[in-house]
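Since the structure comes first, as structure tokens, the remarks are kept for the end.
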Amino acid sequence: AVSDSRVPVALHLDHCPERRVIEDVVAAGWSSVLFDASNRDLETAIRESREVAELAHAHGIGVESEIENIVGVEDGVGSDVIAHAYSAQQVVEAAQASGIDLIAPQLGTAHGVYHGRPKLLPERAREFRALSDKPIVLHGGTGLTTQEFQAFIEAGVSKINISTELKMTYMKSALASLRRCEQTQEWDPPTLFNEIGGAVETMAVGFFEIFWPTPSAMATGWRSTRCSTNCRSRCTGATTSTPHW
Ligand code: 13P
């Protein structure tokens, strides 16, 4: 599937506190890992993040780092309680000391579905951007409005994680498709998978429309590469941010 793809495909290990799992996926050639050291004290988090970065970099793999925990439980990992919180300066110093590549700080978001409006912190992203040129990652993207995403992008966030919305879209479209099969008594598996694929694609395109970088987001630190020859839309062919389509 990857060799047939017209877009870049990456295999990223998200939120992993277990060193042994990271060692396994690094050895297996995954693209990147998020080492979640937010359950360690600061000194241990820095030391272990450095060890993870050394191992991953030796295999050409990038490391995202979380040392203050982003609230919410995802796939059984994480907590609804803030265990460790630091100043932006401390987080940046830790990133420099450990040599990790991307910083995933607490920005007021949480994993999962929001039950009230979160107190978002785009100004904290701006603070990080002023202190470091390492890309800033926003977690807990499900449920944010277009304006909220734009505020984070304007503030310098480079990567946005969305999971719950994708899972809900996938499962709800599967449910709707199966209900239709039950009504019509036509049980055609390709129809199910086509409908799920279409729903997920529509959802993803909606996010791409929002995330296409504004000139100021480009200026505040998007990593640039030459575009590939097979990108499909809106690419000027000039140097632009990655990934793009
Ligand atoms: P959501 O599940 O809230 O979209 O968060 C995803 C995420 O941050 C994955 O790391």
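Residues take their numbers from the sequence shown, with the count starting at 1. What you are looking at is a predicted structure, and each value in this text was computed from that prediction instead of being measured. Note that ligands are numbered from 1 as they come in the structure, with each ligand's atoms numbered from 1 the same way.
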> Can you name the nearest heavy-atom pair linking Ser49 to Ser98, along with the distance?
Replying inline: CB-CB, 3.7 Å
>> Only heavy atoms of His15, strictly under 4.0 Å: list the atoms of ligand 1 that pass.
In response: 10 (O)
> What are the atoms of ligand 1, with element, lying closer than 4.0 Å to any heavy atom of Ile162?
Replying inline: 4 (O)
> Is it true that the side chains of Asp14 and His139 contain a donor and an acceptor less than 3.5 Å apart?
Replying inline: no
>> Are Val9 and Leu11 connected into the same hydrophobic cluster when the rule is that any two of I, L, V, M, F, W, Y join if their side-chain heavy atoms are below 4.5 Å apart?
In response: no
> Is the closest heavy atom of Ala110 to ligand 1 under 4.0 Å?
Replying inline: yes
> Do the side chain of His84 and the main chain of Ser38 share a donor and acceptor less than 3.5 angstrom apart?
Replying inline: yes
>> side-chain contact (heavy atoms from CB on, under 4.5 Å) for Thr109 and Leu120? Distances and angles first, verdict last.
In response: CA-CA 6 Å; Thr109 50; Leu120 301 176; 3.6 Å; yes
> Just by modelled atom types, is the Gly62 backbone N or O under 3.5 Å from a matching donor or acceptor in the Ser32 side chain?
Replying inline: no
>> The test is salt bridge (charged side-chain N to carboxylate O under 4.0 Å, His left out); show your working for Arg47 and Glu51 and say whether it passes.
In response: CA-CA 6 Å; Arg47 179 176 47 77; Glu51 289 164 4; 3.7 Å; yes
> Between Thr142 and ligand 1, is there a nitrogen or oxygen pair with a distance under 3.5 Å?
Replying inline: yes
> With atoms numbered from 1 as shown, which atoms in ligand 1 lie under 4.0 angstrom from a non-hydrogen atom of Ser163?
Replying inline: 1 (P), 2 (O), 4 (O), 6 (C)
> What part of Glu165 sits under 4.0 Å from ligand 1 if we count only heavy atoms: the side chain, the backbone, both or neither?
Replying inline: neither
>> As an exercise, identify every atom of ligand 1 less than 4.0 angstrom from a heavy atom of His139.
In response: 7 (C), 8 (O), 9 (C), 10 (O)
> For ligand 1, which atoms sit closer than 4.0 Å to a heavy atom of Thr164?
Replying inline: 1 (P), 2 (O), 3 (O), 4 (O)
>> Using a 3.5 Å cut-off on N or O atoms only, is Gly112 in polar contact with ligand 1?
In response: yes
> When you look for heavy atoms under 4.0 Å from ligand 1, do you find them on the side chain of Asp14, its backbone, both, or neither?
Replying inline: side chain
